[in-house]
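Data first, discussion second: the structure below is written as structure tokens.
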Amino acid sequence: MAFRPKDYSGWGRALRASGTVARPDRAAALATLAPAPAFGMRRSYGDAALNHGGRAIDMSGLDRFLAFDAETGILELEAGVRIGEVAAAFAPRGFLPAVMPGTGFATLGGCIAQDVHGKNHHHAGSFGAHVAEITLWQDGAEVTVTPGTGLFRATVGGLGQTGTILRAKLRLAPCAGTVMLVTERRARDWDRHLSLLDGSTASHTVGWIDATATGAQLGRGIVEEGEIARGLVRTRGKPAKVPLDAPHFALSAPIVRAFNAAYYARVPAAGRTVVRPLADFFFPLDRILDWNRLYGRRGFHQFQCVVPLRAAEALRAMLDRIATSSLASPLAVLKRMGPGRAGYLSFPMEGYTLAVDFPNRSAARDLIRTLEEDTVAAGGRLYFAKDALAGGTHIPAMYPELDAWRQEVAQADPARAYETDLVRRLKLRSP
């Protein structure tokens with residue numbers, strides 16, 4: 001097993017790295033490699049998976065299902081298993097991952113390292129709350145990490161800085177069926193959007209928001225409430241694929257506004273209830289392979305923040321700033337989050353999270369930096385899985401447990417072998 005030259009990027013494609021990468025397919029092969037940052041399918045948007053000028057380990061070849069206990073629902077997996085594969089394999093058996101991100105291509109190791117959240121965070125908390133055990137490869141030996149320890153809290157949401165996540169035991173949740181019963185409602189403006197999110201009692205809730213609407217329509221969108229159910233639904237054919245990078249005008253402001261207006265109008269004014277396959281509800285963009293190419297060869301940035309409930313008006317002002325900029329793409333999401341988080345650097349807090357994609361242009365980068373300042377002023381934080389532009393100045397205010405994380409990481413990796421471009425950019429390991 002050897003490290004080989006490779007040029008690679010995160011999902012946003014705006015930041016790139018050149019270095020050497022090894023892809024082991026057995027734990028024994030991993031043991032022959034020098035310590036280096038690990039990544040999976042590189043679904044983080046910025047530079048969380050990048051190590052420019054250095055080594056990296058691609059864990060996507062370590063993708064085996066190892067053991068399952070039907071009585072406890074505990075599934076042991078290698079770190080490279082895709083979360084969508086777990087859902088597809090176990091939903092027919094009556095189980096699902098309790099928390100799933102917006103793409104089924106995210107790996108188990110990535111879900112742990114970012115402590116991802118899903119459309120049910122207000123009920124289920126973050127991914128790490130359902131991890132029963134983690135096995136790290138650290139200093140040439142396996143290290144077992146369990147909940148309730150400082151090392152566990154530094155590993156979950158810890159960006160891979162405590163060692164290579166080799167495998168983990170995941171507590172699956174009972175699953176009542178293999179389809180989603182989805183109720184869609186129009187939200188005519190910001191206040192209505194928040195009231196639908198706040199009043200939802202569904203197990204899974206998410207809002208698509210029209211980030212181009214201004215004035216009285218600011219904040220309009222569609223709120224989806226989903227419940228797992230029994231039933232049959234016709235599955236679609238193979239996913240579509242974006243074969244080439246789109247031209248720069250493909251997401252121009254007039255085109256985005258027209259698309260958003262049509263997308264909003266697709267749901268009747270009275271709302272509707274539809275049945276969907278599980279994957280179509282949980283991983284809607286996975287139906288379009290390489291959809292990141294729609295932003296062109298320069299890639300894109302996503303801004304995602306969460307602010308406390310009390311800062312809803314501040315978030316509304318941020319959305320107004322976005323809407324009047326004419327820079328947003330159609331991909332924009334608003335969710336209500338609960339308090340559940342499992343790690344020192346876990347993103348979630350009780351409040352509202354807004355995520356908006358922008359083509360990689362200088363005006364968009366300037367806007368995102370302004371939105372970062374707005375987030376700090378609102379008492380919120382940025383999501384490391386999406387960020388590519390922030391500096392390290394505001395991180396201690398956003399993440400008050402940063403010092404506790406630093407202490408654990410310093411013990412686990414004193415040689416700084418696992419540092420990534422993101423860790424260096426944000427000065428996470430250095431006060």
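Note: hydrogens, waters and symmetry copies are ignored here, and every other heavy atom, side chains too, is used. Predicted model only: the values in this text are computed from it and were never measured.
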Trace of the side-chain hydrogen bond (donor to acceptor under 3.5 Å, both in side chains) decision for Thr135 with Thr144 | CA-CA 5 Å; Thr135 300; Thr144 300; 4.6 Å; no

Derivation and outcome, side chain to side chain contact (heavy atoms under 4.5 Å, CB included), residues Arg365 and Arg369 | CA-CA 6 Å; Arg365 294 192 293 272; Arg369 292 187 179 100; 3.6 Å; yes

Side chain to side chain, Trp208 and Leu331, heavy atoms closer than 4.5 Å = no

Taking the six-membered ring of Tyr263, is the NZ or CZ of Arg266 close enough (under 6.0 Å from the centre) and on axis enough (within 45°)?
-> yes

pair Asp245-Arg13: side-chain heavy atoms closer than 4.5 Å = yes

Show which side-chain atoms of residues 31-43 pair as donor or acceptor with protein atoms under 3.5 Å away, not counting sequence neighbours.
residue : atom : partner : partner atom : Å
Thr32   : OG1  : Ala29   : O            : 2.6
Arg42   : NH1  : Ser9    : O            : 2.9

Could you check whether the rings of His117 and Tyr383 sit parallel, tilted or perpendicular, using 30° and 60° as the cut-offs?
-> tilted

Where does the angle between the aromatic ring planes of Tyr295 and Phe300 fall among parallel (under 30°), tilted (30 to 60°) and perpendicular (over 60°)?
-> parallel

Closest non-hydrogen atom pair, Ala388 against His301 = CB-ND1, 3.7 Å

Min side-chain heavy-atom separation Arg429-Asp413 under 4.5 Å | yes

For Tyr264, is the NZ or CZ atom of Arg186 found under 6.0 angstrom from the centre of its six-membered ring and inside 45 degrees of the ring axis?
-> yes

Charged N to carboxylate O under 4.0 angstrom, Glu224 versus Arg185?
-> no

After noting the C-alpha distance and the side-chain angles of Val223 and Leu197, does the key distance pass the side chain to side chain contact (heavy atoms under 4.5 Å, CB included) rule?
-> CA-CA 7 Å; Val223 173; Leu197 292 176; 4.2 Å; yes

Looking at Phe281, is Arg276 sitting on its ring face, NZ or CZ under 6.0 Å from the six-membered ring centre and within 45 degrees of the normal?
-> no

For the pair Asp115 (side chain) and Gly128 (backbone), establish whether a donor and an acceptor sit closer than 3.5 Å, ignoring hydrogens and angles.
-> yes

Do NZ/NE/NH1/NH2 and the carboxylate oxygens of Glu78 and Arg167 come within less than 4.0 Å?
-> no

Is there a donor-acceptor contact under 3.5 Å from the side chain of Arg341 to the main chain of Pro348?
-> yes

Sort out for me which residue in Tyr45, Trp405, Phe347, Tyr399 forms a ring-ring contact (aromatic ring centres under 6.0 Å, His included) with Phe384.
-> Tyr399

Going by heavy atoms in the side chains, are Arg336 and Leu309 under 4.5 Å from each other?
-> yes

Looking at Ala250 and Ile255, what are the two nearest heavy atoms and their distance?
-> O-CG2, 3.4 Å

Looking only at side chains, do Thr183 and Thr273 share a donor and an acceptor under 3.5 Å apart?
-> yes

Would you indicate whether the side-chain heavy atoms of His122 and Lys335 approach each other to under 4.5 Å?
-> no

How about Asn51 and Glu419: do any of their side-chain heavy atoms sit closer than 4.5 Å?
-> no

Met180 to Gly226 - nearest heavy-atom pair and separation | CE-C, 3.5 Å

Close side-chain approach of Val306 and Tyr352, heavy atoms under 4.5 Å = no

Quick check: does any side chain N or O of Thr353 sit under 3.5 Å from a backbone N or O of Cys305, one acting as donor and the other as acceptor?
-> yes

Please report the C-alpha distance between Phe105 and Asp286 in whole Å, then the side-chain angles of each, then the deciding distance to 0.1 Å, and finally whether the side chain to side chain contact (heavy atoms under 4.5 Å, CB included) criterion is met.
-> CA-CA 8 Å; Phe105 290 110; Asp286 289 356; 3.6 Å; yes

Given side chains that start at C-beta, do those of Arg23 and Ser60 come closer than 4.5 Å, heavy atoms only?
-> yes

If a pair satisfies salt bridge (Lys or Arg N to Asp or Glu O under 4.0 Å) and one of its residues is in residues 121-136, list it, with sequence neighbours excluded.
-> Glu133-Lys169

Carefully, step by step, assess Glu350 and Met337 under the rule side chain to side chain contact (heavy atoms under 4.5 Å, CB included).
-> CA-CA 5 Å; Glu350 188 168 18; Met337 303 189 83; over 6 Å; no

Across all chains, not counting sequence neighbours, the side chain to side chain contact (heavy atoms under 4.5 Å, CB included) partners of Ala129 are none

When you check the gap from the basic side-chain N to the acidic O, do Asp7 and Arg16 get nearer than 4.0 Å?
-> no

Residues Asp421 and Arg424 bridged, charged N to O under 4.0 Å | yes

